[in-house]
Amino acid sequence: MGKVYPEIDGRLRDFIVAQPLFFVATAPSGVEGHVNVSPKGMRGTFVILGPHRVAYLDYHGSGAETIAHLRDNGRITLMFCAFDGPPKIVRLHGRGSSLAVTEDTFADRLAEFPSPPDVHAVRAVIAVEVERVSDSCGYAVPLMDFRAERDLLLASHSRRSADDLVAYRATRNAASIDGLPVF
């Protein structure tokens, strides 16, 4: 059986920060549109800012569904699974917001990450006000070994200038797959 917790406590914090991978789920309002689930990784890109607040770095990528959905309705769920050790899944349900690299307070938000990897290609910080913290067994989650971080995202963006990233956002990240505005 799963359990609901009043907050992200020390034991849950330890579990969450130990996971090299987490998943982000969002959906547009209404019955139309696509539910989005995105895997996220890279050490240093996720922080727990308090018992009901977390954030992660959102890099330029193939889509920008999360930002569009958060602008639309704010709903977000983060899921952390144990792929080694005792079976466990932790979900953080809440209301999210994005702060784009172009906004005045972006540098202040970026400073909340103590050891981020290269931040050249970060397009936003996603912050979540956590309303529900729960866990479940994870008995069917496979056991897998973590070998290494992939450096492909950072390497591919290192070839892009700041102007290239502005153009990328304007041409490839302007709208969600359902046509919702991103920036």
Side-chain angles (χ1 to χ4, degrees), residues 2-9 12-13 15-17 19 21-42 45-81 88-113 116 119 121-136 138 141 153 157 165-183:
K3 181 177 176 183
V4 176
Y5 297 87
E7 63 186 25
I8 302 169
D9 63 17
L12 289 171
R13 173 188 290 270
F15 173 81
I16 290 168
V17 299
Q19 304 317 309
L21 169 72
F22 65 99
F23 299 90
V24 175
T26 58
S29 297
V31 297
E32 299 297 322
H34 294 83
V35 173
N36 185 60
V37 179
S38 296
K40 302 293 180 187
M42 292 196 301
T45 62
F46 180 86
V47 293
I48 298 174
L49 300 170
H52 295 281
R53 186 168 165 75
V54 300
Y56 70 88
L57 300 177
D58 184 61
Y59 285 78
H60 288 80
S62 57
E65 305 310 297
T66 300
I67 295 171
H69 293 163
L70 294 178
R71 285 175 50 110
D72 181 48
N73 60 42
R75 297 177 301 166
I76 189 168
T77 299
L78 307 179
M79 183 177 75
F80 302 81
C81 301
K88 185 183 202 78
I89 299 169
V90 171
R91 289 178 183 86
L92 307 176
H93 300 264
R95 308 297 291 177
S97 61
S98 67
L99 184 67
V101 65
T102 56
E103 296 184 51
D104 292 339
T105 57
F106 179 79
D108 296 335
R109 186 64 57 84
L110 191 58
E112 295 176 324
F113 292 81
V119 296
V122 173
R123 67 179 167 199
V125 173
I126 305 298
V128 180
E129 296 298 327
V130 178
E131 299 170 342
R132 185 176 193 270
V133 180
S134 64
D135 71 5
S136 57
V141 174
L153 181 68
H157 288 314
L165 293 172
V166 169
Y168 191 101
R169 287 191 301 275
T171 59
R172 299 179 75 184
N173 289 164
S176 73
I177 59 176
D178 296 317
L180 295 173
V182 175
F183 293 105

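Position 1 is the first residue of the sequence, and the numbers go up from there. Remember, predicted model here, so these are calculated numbers, not experimental data.
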Novice: Rounded to the nearest 0.5 Å, what separation is found between the CZ atom of R75 and the NE2 atom of H93?
Specialist: 12.5 Å
Novice: Side-chain contact test, heavy atoms from C-beta onward, threshold under 4.5 Å: evaluate it for V122 versus F106 and give yes or no.
Specialist: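 SC-SC contact between V122 and F106 confirmed.
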Novice: Using a 4.5 Å cut-off on heavy atoms from C-beta on, say whether the side chain of F113 contacts that of V119.
Specialist: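 No, every pair of side-chain atoms sits at 4.5 Å or beyond.
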Novice: Nearest 0.5 Å please: distance from the CZ atom of R109 over to the CG atom of D104.
Specialist: 13.0 Å
Novice: Can you name the nearest heavy-atom pair linking G33 to P28, along with the distance?
Specialist: CA-CG, 3.8 Å
Novice: To the nearest 0.5 angstrom, please state how far the OG atom of S98 sits from the CZ atom of R71.
Specialist: 7.5 Å
Novice: Mind checking what makes ring pair (Phe, Tyr, Trp, His ring centres under 6.0 Å) contact with H157, not counting sequence neighbours?
Specialist: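 Checked H157 against ring pair (Phe, Tyr, Trp, His ring centres under 6.0 Å); matches are H60.
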Novice: Using modelled atom types only, decide if a donor and an acceptor are shared between the side chain of N173 and the backbone of Y168 within a distance under 3.5 Å.
Specialist: no
Novice: Go through the structure and list residues passing ring pair (Phe, Tyr, Trp, His ring centres under 6.0 Å) with Y56, not counting sequence neighbours.
Specialist: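 Applying ring pair (Phe, Tyr, Trp, His ring centres under 6.0 Å) to Y56 gives F22.
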Novice: Is there a side-chain contact between R91 and M79, using heavy atoms and a 4.5 Å cut-off?
Specialist: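 They are in contact (side-chain heavy atoms under 4.5 Å apart), so the answer is yes.
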Novice: If you look only at pairs with a residue in residues 56-68, which of them pass as a salt bridge (Lys or Arg N to Asp or Glu O under 4.0 Å), with sequence neighbours excluded?
Specialist: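 Every pair satisfying salt bridge (Lys or Arg N to Asp or Glu O under 4.0 Å) with a residue in residues 56-68: K40-D58, D58-R123.
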Novice: For D178, which residues count as a side chain to side chain donor-acceptor pair (under 3.5 Å) partner, sequence neighbours excluded?
Specialist: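 Side chain to side chain donor-acceptor pair (under 3.5 Å) list for D178, sorted by chain: H34.
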Novice: Using every non-hydrogen atom in the two residues, find where L21 and F80 come nearest and quote the distance to one decimal.
Specialist: O-CD2, 4.4 Å
Novice: So which heavy atom on L165 is nearest to which on A121, and how close?
Specialist: CD1-CA, 3.9 Å
Novice: Could you go through S97 and L70, starting from their C-alpha distance and side-chain angles, then the distance that decides it, and tell me whether this counts as side chain to side chain contact (heavy atoms under 4.5 Å, CB included)?
Specialist: CA-CA 6 Å; S97 61; L70 294 178; 5.8 Å; no
Novice: Side chains of V128 and L92: does their closest heavy-atom pair fall under 4.5 Å?
Specialist: no
Novice: For a 4.5 angstrom cut-off between non-hydrogen side-chain atoms, does T102 reach R169?
Specialist: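 They are in side-chain contact.
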Novice: Do the side chains of I67 and I126 get nearer than 4.5 Å, heavy atoms only?
Specialist: yes
Novice: Can you name the nearest heavy-atom pair linking A55 to V125, along with the distance?
Specialist: CB-CG1, 4.1 Å
Novice: Looking only at heavy atoms, which two atoms of G96 and I76 are closest? And how far apart?
Specialist: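 Shortest heavy-atom contact: N-CG2, 3.7 Å.
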Novice: Measuring only between side-chain heavy atoms, which start at C-beta, is L110 closer than 4.5 Å to V101?
Specialist: no
Novice: According to the salt bridge (Lys or Arg N to Asp or Glu O under 4.0 Å) rule, which pairs have a member within residues 22-32, sequence neighbours left out?
Specialist: none
Novice: Carefully, step by step, assess R13 and V54 under the rule side chain to side chain contact (heavy atoms under 4.5 Å, CB included).
Specialist: CA-CA 11 Å; R13 173 188 290 270; V54 300; over 6 Å; no
Novice: What is the minimum heavy-atom distance between S29 and D72, and which atoms define it?
Specialist: N-OD2, 2.6 Å
Novice: With sequence neighbours left out, what residues match F15 under ring pair (Phe, Tyr, Trp, His ring centres under 6.0 Å)?
Specialist: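 Applying ring pair (Phe, Tyr, Trp, His ring centres under 6.0 Å) to F15 gives none.
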Novice: Is the count of non-hydrogen atoms from other residues, nucleotides or ligands lying under 6.0 Å from R172 atom CZ greater than 12?
Specialist: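 Atom CZ in R172 is not crowded, with 12 or fewer foreign heavy atoms closer than 6.0 Å.
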Novice: How many angstroms lie between CZ in R53 and CD1 in I48, if you round to the nearest 0.5 Å?
Specialist: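 Answer for the CZ-CD1 pair, R53 versus I48, is 13.0 Å.
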Novice: If you measure from CG on D108 to CD on E103, what distance do you get to the nearest 0.5 Å?
Specialist: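 Output value for this atom pair is 12.0 Å.
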Novice: Hey, does V35 have a side-chain heavy atom less than 4.5 Å from the side chain of H69?
Specialist: no
